[in-house]
Amino acid sequence: MRARDGLDDGQAEAHPPRGGCADPRRRGRVLATAALLLGLLLLLHASIPNRTGNLGSLVETFLPWCGLLVPLLLAGALLRRSATAVIALLLPVVAWLNLFGGLLTDKSHPGGDLTVASHNVGADNPDPVGTARALARSGADVLALEELAAEARRTYEEELAQACPHHTVQGTVGLWSRFPLSDTRPVDVAMDAGPLGDAKPAEVKMAYNRGMRTTVTTDRGPLAVYVAHLGSVRVNPRAGRSSGRRDAGAQPLGQAVAAEKNERVVLLGDLNGTLDDRAYAGITSRMESAQEAAGTGFGFSWPASFPVVRIDQILVRGVKPESAWVLPATGSDHRPVAARISW
């Protein structure tokens, strides 16, 4: 009996029971692998193809939120007491800070010559009067509105008349200004591409036109202002991310901005996407985001009840953003965005 007991004891020593202490070198390997993959995603997001469900653009839309995975992985690494996983987390931390670290600081400056603002007021807005009055109190010198419903247009004209006496509406987008406007024209953002669109009369297209350009004659000189509301994006489990109409509209909008002869240009509007999305390369390569240059934080604007992305944009060229911010919610499902610029 003692010999057998001794044999059992020896076997127990040679083969420790399951559930004992794992090899420290192997502890947390899954967490370390996940951390490395997250880091590679942040570093190589531009290489993710769009061929299937526009996966690349979908990832880029929510790229800032990948940072939330870092504290989760860190908690797991500490729980597992894995030095390997903690070290591996350095890659996604550095990659995220390289992409978005600059947005965590306050880059605003006092002063500025002009306040510009943009708001998708929402076609189904239940309180256009309240929305218009809030915008009138915002102090904007130049105010762009998108998704203007025909039945609400008169409301905005009446409520904004005193703050911004000059205005123009081109379809479902409009611009209100304290300064005179001239050289106004619609800008085609490909909402009616193809033979069927070409066959429609201009007055029919104008009813739902989503892009425009005008010149604002300020005290400091002329300013070219573009207003745009690009096509919507849809996401569903089977088809993935559908953004064809939006992407098609971004191209001619970028071309129009590139051809603009005025050296001072502002683009205001609901672009239905974040500027990390590769679809806007033709625009972002020529213009600067006021929020990124002079704002604090990410400036999320949609949905209004709990914003998680910034799809309402203010971009500039030839002027300097001094500050940028998001205005309080109105009756729309978007929040207004504003910026102060100087010459």
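Residue D270 is tested with L145, D312, V337 for a side chain to side chain contact (heavy atoms under 4.5 Å, CB included); the sole match is D312. With V316 as reference, I341 is the one residue of V116, L223, I341, L267 to meet the side chain to side chain contact (heavy atoms under 4.5 Å, CB included) rule.
Closest of all the heavy-atom pairs between A279 and A250 is O-CB, 3.7 Å. Residues A117 and A140 share a closest heavy-atom pair of CB-CB, 3.9 Å. Shortest non-hydrogen contact noted between L160 and A132 is CD2-O, 3.5 Å. Taking both residues in full, the closest heavy atoms of T115 and G139 are given as CB-O, 3.8 Å, listed atom of the first, atom of the second, then distance. The heavy-atom pair separating V173 from G211 by the smallest distance is CG2-N, 3.9 Å. For L143 against S118, the heavy-atom pair with the smallest separation is CD1-N, 4.5 Å.
Residues T184 and T214 bring a donor and an acceptor atom of their side chains to less than 3.5 Å of each other. No donor-acceptor contact under 3.5 angstrom links the side chains of E157 and T155, judged on distance only. Side chain to side chain, T131 and D127 fail the donor-acceptor criterion of an N or O pair below 3.5 Å. When only modelled atom types and interatomic distance are considered, T172 and H229 share no side-chain donor-acceptor pair under 3.5 Å. For S57 and N50, the side-chain atoms include at least one donor-acceptor pair closer than 3.5 Å.
Annotation: the span from E146 atom CD to N272 atom CG amounts to 10.0 Å, rounded to 0.5 Å. Once rounded to the nearest 0.5 Å, the distance linking CG of L78 with CG of L74 reads 4.5 Å. Note that OG of S323 is 10.0 Å distant from CD of Q291, once rounded to the nearest 0.5 Å. For the atom pair L271 CG and L253 CG, the distance stands at 7.0 Å (nearest 0.5 Å). Taken to the nearest 0.5 Å, the CZ atom of R278 stands 7.0 Å off from the CD1 atom of I48. Separation of atoms CG (N120) and CZ (R335) is listed at 14.5 Å; rounding is to 0.5 Å.
Within the structure, every pair that satisfies the ring pair (Phe, Tyr, Trp, His ring centres under 6.0 Å) test and touches residues 128-185, not counting sequence neighbours, is listed here: H167-W176. Counting only residues at least two apart or in different chains, salt bridge (charged side-chain N to carboxylate O under 4.0 Å, His left out) contacts with residues 38-48 are absent. For the salt bridge (charged side-chain N to carboxylate O under 4.0 Å, His left out) condition, the pairs that include at least one residue of residues 111-121, sequence neighbours left out, are D113-R220. Screening residues 48-91 for ring pair (Phe, Tyr, Trp, His ring centres under 6.0 Å) gives W65-F300 as the qualifying pairs, with residues at least two apart or on separate chains.
Think of L37 as one node in a network of Ile, Leu, Val, Met, Phe, Trp and Tyr side chains linked at under 4.5 Å; it has no links at all. Alongside V129, the hydrophobic cluster contains no other residue (criterion: ILVMFWY side chains under 4.5 Å). Under a 4.5 Å side-chain heavy-atom cut-off, the cluster of Ile, Leu, Val, Met, Phe, Trp and Tyr residues that includes L91 is completed by L36, L40, L43, L44.
Placement of L181 and L114 within a single hydrophobic cluster is found when ILVMFWY residues are connected by side-chain heavy-atom separations under 4.5 Å, directly or transitively. Both V187 and I283 are members of a single hydrophobic cluster when ILVMFWY side chains are connected at heavy-atom separations under 4.5 Å. A chain of hydrophobic side-chain contacts below 4.5 Å, direct or via other Ile, Leu, Val, Met, Phe, Trp or Tyr residues, connects W343 to V216. Cluster annotation: L315 is not connected to V266 through the hydrophobic network of ILVMFWY side chains, with a link wherever side-chain heavy atoms come within less than 4.5 Å. A continuous path of ILVMFWY side-chain contacts below 4.5 Å connects L104 to V70, so both sit in one hydrophobic cluster.
Listed by chain and residue number, A224, Y226, E260, M287, R317 satisfy the side chain to side chain contact (heavy atoms under 4.5 Å, CB included) test with V265 (two or more places apart in sequence, or in another chain). Residues forming a side-chain hydrogen bond (donor to acceptor under 3.5 Å, both in side chains) with S342 (at least two apart in sequence, or on another chain): E322. Taking T296 as the reference, D106 meet the side-chain hydrogen bond (donor to acceptor under 3.5 Å, both in side chains) condition, with sequence neighbours excluded. Partners of D141 under the salt bridge (charged side-chain N to carboxylate O under 4.0 Å, His left out) rule, at least two apart in sequence or in another chain, are R178, R340. When the ring pair (Phe, Tyr, Trp, His ring centres under 6.0 Å) test is applied to W96, the partners found at least two apart in sequence or on another chain are F100.
Remark: the backbone N or O of L230 is paired with a side-chain donor or acceptor of R210 at under 3.5 angstrom.
Using a 4.0 Å cut-off between a side-chain N of Lys or Arg and a carboxylate O of Asp or Glu, R185 and D183 qualify as a salt bridge.
Sparse packing is recorded around CG of D124, with 12 or fewer heavy atoms of other residues, nucleotides or ligands lying under 6.0 Å away.
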*Begin from the C-alpha positions of R246 and D277 and carry the test side chain to side chain contact (heavy atoms under 4.5 Å, CB included) through to its verdict.*
CA-CA 12 Å; R246 185 210 63 178; D277 194 322; 3.0 Å; yes
